[in-house]
Amino acid sequence: MLFQVGGQGTRPTFFEMAAAQQLPASLRAALTYSIGVLALRRPFLHRVLDYEDEFFSLLMLVLETHSLRTTDASFSESLYGLRRRAVKIKAMKDDARLNPGDGIQHSGLEKRQRVLSVVFLVVLPYFKSKLHSIYNKEREARLQASLWGHVDEGFDDADIFDRGEDSVIPRGNLDMEASVRTHLTKKIQKFIGACYPLLHASTEGFSFAYQMLYLLDATGFYSLGLHALGIHVCRATGQELMDTSSRISKTRSRERERLRGPPWLKALQGALLSGTYTVLDYAQTGLIAAVFFFKMMEWWYQSAEERMSAPTIYPPPPPPPPPQVAKEGIPLPPDRTLCPLCSQRRANPSVITVSGFVFCYACIFKYVSQYKRCPITLMPTTVDQIRRLFHDV
């Protein structure tokens, strides 16, 4: 299963290298999310989340070792159709006008380069992740100390424990080792908290510099680790892919021949060996499919939750019909600004809430107090339903 991006030559594009570099992080996020969802029903899976760095590093150690052994590429690079090649600089004596890249020859990886590749791909990221977690804890402790101050325990010297009902022995000697160990741990944490920002900034700066140089075609190394190992990442040709599959089958057959014991034991060991390789091969494709599957499920459920939590917006209701003028009621004046009772311009305009018509406050208050109804619609009302208007319309 290959996700190869089109391009000319054997040199991968910047986007291919960036995608291959970001794939393990996406895989880890997808696995963490899926295990977190399953842990809601299976609480024992929370132990996996407690040791997330160790479990993921062990998984990547198996995958990277298998991939480098069989394809001369990392797990993510093999999925994008990329291969790692050792760089050999060839001295140019014939023509000095040749391009610098013409004197570079590529060959297969040596055993030392495979081992160091695993170190750069798995071991160093694991230690960086642990240092990052220690730094976060130390930063939180400093923030808490700046806000609330240090919490001093005043009962350390008075701690005692009983060996019987009458004997009381101080714990000072027993707690001395624990206090020294705790003090040393705090010192190490403070040292990491002080040095980690510089280390992190240096690694990120080197990474950014190499990526910019690679993007500008000024170097053939995408990262500092590849430069230190003397490895170029190249596109795999169709013939190389066929050679890789044939080499894998030859390796499996050769390891089956090396098995010793009775025929039935050889057959059983061969079946287990074939099953192991088959599981590892399918695990590479399955894990990538899991990334896309869980990301799709996350998007799906997130969209569903947003749809359920979003307020339903209904169209506004139609306005009520206007009140009708009663036959025995007072007719409306032709000018809307005049009071229907006194036929003068309204003073202190006030409205009756039951009908919505506006009058002078003195006129409508006197009329409602006497007749208990609206003078235009004859609808029953009281003086409590008269509202003062501060803007006449």
Side-chain angles (χ1 to χ4, degrees), residues 1-25 60-61 63-125 202-248 251 284 288:
M1 183 177 181
L2 299 177
F3 302 94
Q4 193 165 7
V5 182
Q8 299 294 331
T10 60
R11 185 178 186 273
T13 62
F14 173 81
F15 301 101
E16 289 178 285
M17 297 298 297
Q21 185 183 30
Q22 295 298 325
L23 186 60
M60 294 306 298
L61 178 64
L63 292 177
E64 299 291 4
T65 303
H66 174 72
S67 181
L68 286 167
R69 183 183 179 186
T70 56
T71 63
D72 280 349
S74 67
F75 166 66
S76 56
E77 291 167 355
S78 63
L79 293 173
Y80 282 92
L82 305 178
R83 294 294 182 267
R84 294 193 169 201
R85 298 286 180 262
V87 179
K88 293 183 179 180
I89 306 299
K90 179 182 177 182
M92 298 177 293
K93 299 180 180 180
D94 298 335
D95 192 354
R97 294 174 300 176
L98 296 176
N99 294 326
D102 296 338
I104 297 178
Q105 289 184 346
H106 297 109
S107 61
L109 295 181
E110 301 176 357
K111 184 177 181 180
R112 177 185 63 86
Q113 291 176 323
R114 291 193 179 94
V115 174
L116 293 178
S117 295
V118 174
V119 172
F120 276 92
L121 291 170
V122 180
V123 180
L124 293 183
S202 301
T203 55
E204 293 297 324
F206 276 112
S207 178
F208 176 76
Y210 270 91
Q211 290 177 11
M212 287 298 298
L213 292 175
Y214 188 87
L215 180 62
L216 298 175
D217 202 8
T219 181
F221 302 100
Y222 184 76
S223 64
L224 177 62
L226 294 175
H227 197 172
L229 297 176
I231 294 175
H232 275 178
V233 179
C234 306
R235 284 200 186 97
T237 61
Q239 184 63 35
E240 288 177 338
L241 296 176
M242 295 175 62
D243 294 342
T244 299
S245 60
S246 62
R247 185 172 67 252
I248 293 174
T251 302
Q284 293 182 352
I288 295 301

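- To the nearest 0.5 angstrom, M17 atom CE is 11.5 Å from Y80 atom OH.
- Here L213 contributes atom CG and F208 contributes atom CZ; the two are 9.5 Å apart, rounded to the nearest 0.5 Å.
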### Task
Test T71 against E77 for side-chain contact (heavy atoms from CB on, under 4.5 Å), laying out the working first.
CA-CA 10 Å; T71 63; E77 291 167 355; over 6 Å; no
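- Remark: D72 CG to L82 CG distance equals 13.0 Å, nearest 0.5 Å.
- Taken from CD in E16 to OG in S76, the straight-line distance is 12.0 Å, to the nearest 0.5 Å.
- At a threshold of 4.5 Å between non-hydrogen side-chain atoms, the residues T65 and R114 do not count as touching.
- The structure places CG of L215 at 5.5 Å from CZ of F14, a figure rounded to the nearest 0.5 Å.
- Counting all heavy atoms, side chain and backbone alike, H232 lies closest to F221 at CD2-CE2, 3.4 Å.
- Using a 4.5 Å cut-off on side-chain heavy atoms (C-beta onward), Y222 and V233 make no contact.
- No donor-acceptor contact under 3.5 angstrom links the side chains of Q113 and S117, judged on distance only.
- When side chains are defined from C-beta on, R84 counts as touching L226, because their heavy atoms get closer than 4.5 Å.
- For the atom pair CE of M60 and OG of S74, the computed distance is 8.0 Å after rounding to the nearest 0.5 Å.
- Closest heavy-atom contact between V87 and I231: CG2-C, 4.0 Å.
- Remark: the backbone N or O of H66 is paired with a side-chain donor or acceptor of T70 at under 3.5 angstrom.
- At least one side-chain heavy atom of T13 sits less than 4.5 Å from a side-chain heavy atom of R235.
- When all heavy atoms of P125 and F120 are compared, the closest pair comes out as CD-O, 3.3 Å.
- Residues R85 and L109 fail the side-chain proximity criterion, which asks for heavy atoms closer than 4.5 Å.
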